[in-house]
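Just below is one structure, and these are the notes that go with it.
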Amino acid sequence: MNRIELKDKNLFYIGGIVRDKILGRECFDIDITYIGNAIEFAKTIDNAEIIKINEPFGTVRIKLNGLEIDLASTRDEKYPRPGHLPEVTDIGCSLKKDVQRRDFTINTLAQSLETGEIIDYLGGLDDIKNKKIRILHDKSFIDDPTRIIRALKFSVRFRFELDKHTRKLQEEYLNNINYDMSYKRVKKELIETFNLNSQTAYERFFKENIYKLLTVENIKAPDYNIQTLIEKYPVKDIWLVYLGWMDLNKLPLTKRETKIINDYNYIKNEKFDEDYSIYKAFLNIEKESLLLYAINIDEKPVFRYLDYLSKIKLNITGKDLQKMNIPPSSKYSQCFEYLLKAKLNNPDIDEIKLAKEFFKL
Ligand code: CTP
């Protein structure tokens, strides 16, 4: 934080960085706000190179002494279409107005870059002390329902509780949900929350009906310790191991995310009685999909595959068969299947010897 050699009475660290500093936690995202127009201010900084300007949002990225810094103008916003992106209404507004548009009191703290003084308009310091997540006004979740997931995320991350009134408004929102919202933003918050790999987040997501953001159906989530499963079998898309069994049609999914869900739907009706059928069914299936199978259908074949079968590979290739003067034909793949079955039974087989036997050489 101190590496930033920039001082002005109008410059403040804002939001997550101030909160994390007070909590003694590492913060990767440095947000700085300028009371006034940050773009105009940036042009007056000695030796600063302007890298990028976003005029409508009043933000600017500068490079100063080798360090890239993002500066935002203080701004006010309104939600012409609740649930969707807000519109900027006033660039260069007061610091108080700027923090009043935000999500929770713990995210409204500002700290002067010049003096280090902390400005706390809305009781954020007390709420950090009392471990409370509190929204700033009664329409907060209606304006931005992703804040319901954010509340869960912060509450799990910091072990904070939702304040009583905030919880009541959350329940009210979820009971009257209209599904008119930006699912791109919902997805971003789901990923950040579930990628924490927290069993508590999972259980609360269903117990508190937060899942209603995704579906009108009443759902009972699998009773399974997913956190431990993922600790044992790490994956990239943790969030999909928690949620991939649900209807996620509302979310914009990437190709890989769609493959994980399709792979799971493809294998979920399969039952297995031997290693060979497990191997054939699970080969080329995403690991996340296998974990979904373990959670929702049966963990035994998945553990058998991940712990043992997936490590078994044939070493023999078509070239080896050619060297034995066997002309390429569909017999090659029959031979490989035969060898694979044998190797799954006994990993120490002599593949060349067995191939010769197969071709009766
Ligand atoms: N914010 C908000 N409503 C949202 C998202 C963000 O009011 N739906 C505000 C909050 O004041 C937040 C700031 O924008 O502090 C920056 O958002 P973000 O980077 O997502 O949150 P951080 O608080 O920095 O948390 P993290 O540690 O997860 O980055």
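For ligands, and for the atoms within them, numbers begin at 1 and follow the listed sequence.
In this structure, Lys250 forms a cation-pi arrangement with Tyr179, its terminal cationic atom sitting closer than 6.0 Å to the ring centre and no more than 45° off the ring axis. A cation-pi contact links Lys341 to Tyr276, judged by a cut-off of 6.0 Å to the six-membered ring centre and 45° from its axis.
At a cut-off of 3.5 Å, with distance as the only test, a side-chain donor of Tyr224 or Glu299 sits close to an acceptor on the other residue. In summary, the side chains of Thr254 and Glu257 do present a donor paired with an acceptor at a separation below 3.5 Å, with no hydrogens or angles considered. Remark: the Arg204 side chain and the Ser198 side chain contain no N/O donor-acceptor pair separated by less than 3.5 Å. Side chains of Lys212 and Asn175: no donor on one and acceptor on the other come within 3.5 Å.
Among Asn107, Asp144, Leu109, Ile135, the residue whose heavy atom lies closest to atom 15 (O) of ligand 1 is Asn107. When Arg147, Arg19, Arg150, Glu189 are ranked by how near their heavy atoms come to atom 12 (C) of ligand 1, first place goes to Arg150.
Applying the 4.0 Å criterion to heavy atoms of Lys153 picks out, from ligand 1, the atoms 28 (O). Distances below 4.0 Å separate heavy atoms of Asp29 from the following atoms of ligand 1: 19 (O). Those atoms of ligand 1 that come under 4.0 Å of a heavy atom in Thr146, given as number and element, are 8 (N).
Nearest protein heavy-atom neighbour of atom 10 (C) of ligand 1: Asp103 OD1, 3.3 Å. Nearest protein heavy-atom neighbour of atom 13 (C) of ligand 1: Arg102 NH1, 3.7 Å. Closest protein heavy atom to atom 24 (O) of ligand 1: Gly16 CA, 3.8 Å. The protein heavy atom nearest to atom 16 (C) of ligand 1 is Asp31 OD2, 4.1 Å.
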| query | Between Tyr242 and Asn197, does a side chain to side chain donor-acceptor pair (under 3.5 Å) hold up when you go through it step by step? | reply | CA-CA 9 Å; Tyr242 280 98; Asn197 191 25; 2.6 Å; yes
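Distances shorter than 4.0 angstrom occur between a heavy atom of Arg157 and an atom of ligand 1.
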